[in-house]
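Step one of this worksheet: look at the structure below.
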Amino acid sequence: MDRFTMSAPLPFATHEVFNQTPPLGNVDLWGGDPALVGGVAAFAAPGNSDVAALAGFGKRWGSAEFFEFGRLANEYPPKLKTHDAKGFRADVVEFHPAYHALMRESVAAGIHCSTWGVDGKLAATGAHVVRAARLYMSAEVEQGHQCPIVMTHAATAALMAEPGLVAEWLPRIRSREYDPSFRPAPEKRGVTLGMGMTEKQGGSDVRANTTRAEPDGDAWRITGHKWFLSAPMCDAFLVLAQAKAGLSCFLLPRFKPDGSPNAMRLVRLKDKLGNHSNASSEVEFEGAYARRCGPEGEGVKTIIQMVQLTRLDCVIGSLGIMRSALMQAIHHVRHRIVFQKKLVDQPLMRAVLADLALEREGSLALGLRLASAFDHSASSPDEAAFARIVTPAAKLLVCKSVPGFVYETLECLGGNGYVEEGPLARLYREAPLNAIWEGSGNIMALDLLRGAARERDGIEQVLTGLAKSLSDLPHASAALDRVKAGFSGVDREVQARRTGETLALLAATAALKASAPAEVAEAFAATRLGGLTARNYGNPLPGALVDRLLERAFAHAA
Ligand SMILES: Cc1cc2nc3c(=O)[nH]c(=O)nc-3n(C[C@H](O)[C@H](O)[C@H](O)COP(=O)(O)OP(=O)(O)OC[C@H]3O[C@@H](n4cnc5c(N)ncnc54)[C@H](O)[C@@H]3O)c2cc1C
């Protein structure tokens with residue numbers, strides 16, 4: 001027995017301890033998740049050699065040791081050091097070794113870069129799906145450290161607007177070595193990138209940014225602030241600032257070209273509801289050195305390349321949280337005896353868990369299908385349209401469903417679900433975040449409307465494809481009609497959430513049809529496309545399907 005498994009029960013003078021669920025121990029995040037295996041098989045390109053490596057990744061990340069890293073990284077959150085002992089500015093953040101261990105593993109696995117080839121093009125067909133599978137499994141273990149991982153991957157898309165920056169930064173972005181040292185990027189073996197858009201007076205409305213940019217030879221000087229800037233120990237940040245021609249995008253490194261620290265001050269770290277392992281800072285810039293990224297005045301157009309990718313990752317990260325919570329709940333009910341029966345054998349508990357499992361299956365299939373659209377965007381206009389249109393809808397549906405989902409799994413553990421020593425409390429506090437950052441729920445719904453208005457052909461293609469794929473499934477045709485009406489009605493802004501959710505549910509059903517047993521897709525359509533609003537989980541499903549869903553959710557020895 002090692003320190004990660006339960007030690008032998010101690011004798012108690014007052015009572016015997018029994019009927020408490022054993023710790024989860026080592027789990028196989030790949031082999032134990034048949035829905036994931038099926039989804040990757042359906043959506044990654046056949047012959048993608050990286051798929052085979054996912055099995056090893058799932059075992060490694062599913063070890064009790066990695067889950068313990070996740071706990072420690074949150075139990076001992078980062079600390080800001082604004083000054084050193086002599087009063088000089090330091091502006092550094094110190095992290096627990098467990099955080100660095102997770103970062104090292106994610107970087108080694110390439111989650112921060114694996115879709116980017118040497119030339120900045122797609123590294124391999126299916127690269128987005130394979131990366132999504134890794135991101136998802138690592139999110140089951142810990143989500144906070146993924147912030148710089150995800151931002152590095154996504155910010156690279158915005159850098160593509162500036163060949164000079166690509167030549168300089170891409171080789172170190174693509175490095176698989178995690179180098180947390182606080183040194184100028186050219187001296188480092190690997191780098192991470194962050195971004196600063198949000199200011200005090202507005203985040204969704206970035207055009208309200210007041211941070212200024214002034215030209216200084218080939219470079220720029222940035223003066224102002226950012227109200228949220230996560231992972232401030234990254235090596236450089238994409239920053240939006242007002243130039244003469246309007247809002248523009250800049251790359252602002254932590255060090256100036258002469259090797260001295262850049263004029264970026266870390267004011268304080270946010271005291272957050274969750275996401276404790278991740279340092280989210282408030283910063284000020286005072287004439288900070290930066291390079292322009294993309295044309296002056298086109299900052300939003302440039303940075304949106306990044307945002308599309310981070311939104312996909314919000315969906316994938318949310319899926320990891322859902323699976324982690326579901327796995328904990330299923331593990332618990334497989335052991336806990338209540339009223340002389342294991343909880344897993346109580347019909348109502350089975351109904352709740354199977355409905356949760358069905359929700360997770362649909363969301364997972366949608367996330368992987370969306371990742372495959374990113375894989376094929378460059379070669380297929382239809383897939384590019386799917387990625388642009390379905391991304392905000394998927395983020396709206398999936399990310400906003402996570403708090404309710406985790407709450408329901410937490411309740412499966414009864415009182416043990418509500419205490420901080422257990423894993424569910426952390427997942428519950430983490431749950432709302434993916435819906436907030438990178439565009440909150442309403443912004444996603446409005447973005448979808450804007451996209452549909454701009455890309456009439458694209459939306460037509462997406463809806464025609466869904467109609468073809470779902471013609472034999474219950475409620476699909478009526479749901480499609482509701483989406484079409486939602487795009488054209490005079491009250492479309494008020495309807496936008498319903499329109500987006502329904503579109504995402506339709507896309508999820510189609511994705512299930514392509515990747516899961518037919519009965520799973522049928523049950524998802526029957527329980528989710530009818531427009532009925534069941535307020536809680538527990539849709540009754542046929543017994544054989546319940547068995548199958550629970551096994552697909554966590555195929556772990558009972
Ligand atoms: C932990 C954490 C880390 C973060 N890290 C970063 C970071 O690294 N870099 C960064 O730039 N930002 C970061 N953010 C900021 C985040 O992206 C913003 O908080 C988010 O985009 C929302 O902006 P806001 O807070 O200004 O809210 P607001 O823009 O004021 O919006 C408030 C609410 O109004 C809704 N809303 C806005 N416009 C409309 C409308 N027209 N109609 C209807 N509803 C509307 C929004 O959906 C939202 O629900 C982080 C946030 C958190 C919580």
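In each ligand, atom 1 is the first atom listed, and ligand 1 is the first ligand listed. We count residues from 1, following the sequence as given.
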So which heavy atom in the protein is nearest [atom], and how far is it from that ligand atom?
| atom | result |
| --- | --- |
| atom 49 (O) of ligand 1 | S440 CB, 3.7 Å |
| atom 6 (C) of ligand 1 | F228 CB, 3.6 Å |
| atom 37 (C) of ligand 1 | I443 CD1, 3.6 Å |

Does any donor atom in the side chain of [X] or [Y] lie under 3.5 Å from an acceptor atom in the other side chain?
| X | Y | value |
| --- | --- | --- |
| T310 | E438 | yes |
| T115 | H153 | yes |
| T211 | E199 | yes |
| K272 | S280 | yes |
| Q242 | N209 | no |
| H145 | S106 | yes |

Below the 3.5 angstrom mark, is there an N/O of [X], backbone or side chain, next to an N/O of ligand 1?
| X | answer |
| --- | --- |
| L446 | no |
| G202 | no |
| N442 | yes |

- Item | Qualifying residue, where the test is side chain to side chain contact (heavy atoms under 4.5 Å, CB included) with S277 and the options are R426, Q143, E75, E142 |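 That would be E142.
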- F182 ring center within less than 6.0 Å of F255 ring center: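 Yes, close enough.
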Where does [X] meet ligand 1, judged by heavy-atom distances below 4.0 Å: at the side chain, the backbone, both, or neither?
| X | result |
| --- | --- |
| S204 | both |
| L229 | backbone |
| K270 | neither |

- Answer yes or no for R104 and Y178: cation-pi contact, defined as NZ/CZ to six-membered ring centre under 6.0 Å and angle to ring axis within 45°. no
- Query: Is the charged tip of K226 near the ring of F285: under 6.0 Å from the six-membered ring centre and within 45° of its axis?
  - Reply: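 No, K226 does not lie over the aromatic ring of F285.
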- Message: On a heavy-atom basis, I'd like to know which of I436, V283, N278, D205 is closest to atom 21 (O) of ligand 1.
- Response: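 Nearest heavy atom to atom 21 (O) of ligand 1 lies in I436.
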- Options N275, L273, T198, ranked by nearest heavy atom to atom 17 (O) of ligand 1, top entry: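 Checking each option, the heavy atom nearest atom 17 (O) of ligand 1 is found in T198.
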Where ligand 1 meets [X] - atom numbers and elements under 4.0 angstrom, heavy-atom basis:
| X | value |
| --- | --- |
| K272 | 1 (C) |
| S280 | 1 (C), 3 (C) |
| M197 | 10 (C), 11 (O) |
| S230 | 3 (C), 4 (C), 5 (N), 6 (C), 7 (C), 8 (O) |
| G196 | 11 (O) |

- Query: Quick one: does G194 get a heavy atom under 4.0 Å from ligand 1?
  - Reply: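 No heavy atom of G194 comes that close to ligand 1.
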- Are any non-hydrogen protein atoms located under 4.0 Å from atom 25 (O) of ligand 1? no
- Task: Sequence neighbours left out, what passes side-chain contact (heavy atoms from CB on, under 4.5 Å) with V300? Give chain and number order.
- Result: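 With sequence neighbours excluded, V300 shows a side-chain contact (heavy atoms from CB on, under 4.5 Å) to V206, R207, L247, given in chain and number order.
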